[in-house]
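Hydrogens, waters and symmetry mates play no part in the numbers below; they use all other heavy atoms, side chains included.
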Amino acid sequence: MSVPDVASEPTTPARSQPRSMQRLVGGAAVDSFGTGISAAATILYFVTIVGFTANSVVAAMSAGAVFGVLSPILVGRLADRFGLIRIYCTALALRGVGFVAYALATQYVTFLLLTLPLLALEAATPPLQQSLVAQLFAGDARIRVMSSIRAARNVALGAGTLVAGAALTTHSQPLVAGLLAINGTSFLVLAWVVYSLRRSATPPAQQEEKNCGTSRPALRNPAFLSLAGLNGLLLLHDSVLFVLLPLWMVLRLGASPLWVSLMLALNTGLTVVMQLGFGRIRRLTTATNSTLFVAAGALVAACLCCLTAERITGSTAIALCAGAVALLTLGENLHSIAAWQVSFELAPDGRRSEYLSAFNSGSGLQRIVGPVLMTGVVLALPTTGWLVLAIVFAAATVGFTTISTASRGNDIHLTASK
């Protein structure tokens, strides 16, 4: 038995696909606007306005990140068993109610008890979104939709961040608390959008049963878990961009924080353009190994640009930083296209949400380990650190492409008895 042909799976009728895509993209944009507010405002709100210590807030979020590694597979299993729409909407609704309650939290215990489940749910919902896209669309359309969603999310995330930044300058507790409540409302909006797609996304009975009896749980699938881990290593580009680069530019190069903001803005703009373009290039999904090798080449080249920038000063160093950000963004977006395609192909129909959640667990691990590696290795070890990072990107790509190629020739999700 070979990997299922996605073109043969039950999906949304062609005439309603554009409407479904527009709803998903619009809902995701509203959601990400709220997320941008939360990302920029939460820590500063609870430290500078509510009055918690920075260490206590970071400790709560670190504990929540651990929950975020463990929760996605459990939630994915629930989605496969009780229905994707039902579980996805429930998770979004809980996030919405939780963030509205966040706005009212003035005691640390309340903050902690809200943070743990909220971060667990935050990690669990992205693979459910990907699973929903797989139910609604087939073949190349899946990648186009995922790319459009990501582009819309990046624009909305940036807008939300700007709004939160402006609100924080007022030091007004009611205003910033109201923005956190708006973030909660954004999840409820996305939940309504997902619920409105329930008829299109509900598979027939045979779809629910397909592969359920023959596929093994994701946690008992070493090959697939290896892919998830290697994907996490490739996702270190996220920590490079948002953790390492700002610290490295300010501390090592002596650059102004304004340049850091401009580099992040460059990343956002390029990501929108690249996702909208790459999602329509079929070659990127039919030859995922080649796509990943190009992505790795861009990531390695970005590391070398930064290594070179450490040896020079002035505008040339800033120009090399801009080049590194452009290369990082290219690698990041090509990697996402290839990773989506591989995970779509290898996730068995009957355990799709569970497998996609397992695949995304590498992202959760990266969020925990990545910042430590960036500050403890790359930032602490001039020259050597960037070379180590480049080797990690190259080795992870070789490992990922080797395992994914072998997996396409075998049904890695089948039980040993088969």
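For the pair Arg86 and Phe82, the cation does not sit on the ring face, since its NZ or CZ is not both under 6.0 Å from the ring centre and inside 45° of the axis. Figure legend: cation-pi geometry between Arg142 and Phe344, with NZ or CZ positioned under 6.0 Å from the six-membered ring centre and within 45° of its axis.
Under the 3.5 Å distance criterion, the side-chain polar atoms of Thr42 are left unmatched by any main-chain donor or acceptor of Ala39. A side-chain donor-acceptor contact under 3.5 Å links Thr268 to the backbone of Leu264. Between the Thr285 side chain and the Arg282 main chain, a donor and an acceptor come within less than 3.5 Å of each other. Side-chain atoms of Ser196 come within 3.5 Å of backbone atoms of Val193 as a donor-acceptor pair (strictly under, hydrogens ignored). Thr291 places a side-chain N or O within 3.5 Å of a backbone atom of Leu284 that can act as its donor or acceptor partner. A donor-acceptor pair under 3.5 Å is formed between the side chain of Asn360 and the backbone N or O of Leu356. Panel note: side chain Ser38, backbone Thr35; no donor-acceptor pair is recorded below 3.5 Å. Formation of a donor-acceptor pair under 3.5 Å by the Ser71 side chain with backbone atoms of Ala120 is found in this model.
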Working for side chain to side chain donor-acceptor pair (under 3.5 Å), residues Arg150 and Ser336 = CA-CA 10 Å; Arg150 184 169 182 179; Ser336 68; 3.0 Å; yes
Test Leu234 against Leu292 for side chain to side chain contact (heavy atoms under 4.5 Å, CB included), laying out the working first. CA-CA 10 Å; Leu234 288 169; Leu292 276 171; 4.2 Å; yes
Q | Residues Asn267, Glu332; criterion side chain to side chain contact (heavy atoms under 4.5 Å, CB included); working and verdict | A | CA-CA 10 Å; Asn267 168 260; Glu332 167 196 354; 3.2 Å; yes
| said: For a side chain to side chain contact (heavy atoms under 4.5 Å, CB included) check, start with the C-alpha distance between Gln275 and Ile337, then their side-chain angles and the critical distance, and finish with the verdict. | reply: CA-CA 9 Å; Gln275 282 297 321; Ile337 295 288; 4.1 Å; yes
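Residues Asp80 and Arg351 are not paired through a salt bridge, judged by the lack of any N-O separation under 4.0 Å between the basic side chain and the carboxylate.
The side-chain heavy atoms of Leu132 and Tyr88, taken from C-beta on, include a pair separated by under 4.5 Å.
Screening residues 239-251 for side chain to side chain donor-acceptor pair (under 3.5 Å) gives Ser239-Gln366, Trp248-Glu310 as the qualifying pairs, with residues at least two apart or on separate chains.
Under the rule for a side-chain hydrogen bond (donor to acceptor under 3.5 Å, both in side chains), the partners of Arg153 that lie at least two apart in sequence or sit in another chain are Asp31, Ser32, Gln129. When the ring-ring contact (aromatic ring centres under 6.0 Å, His included) test is applied to Tyr108, the partners found at least two apart in sequence or on another chain are Phe52, Phe111.
Using a 3.5 Å distance cut-off with no hydrogens or angles, the side chains of Asn183 and Tyr102 do not pair a donor with an acceptor.
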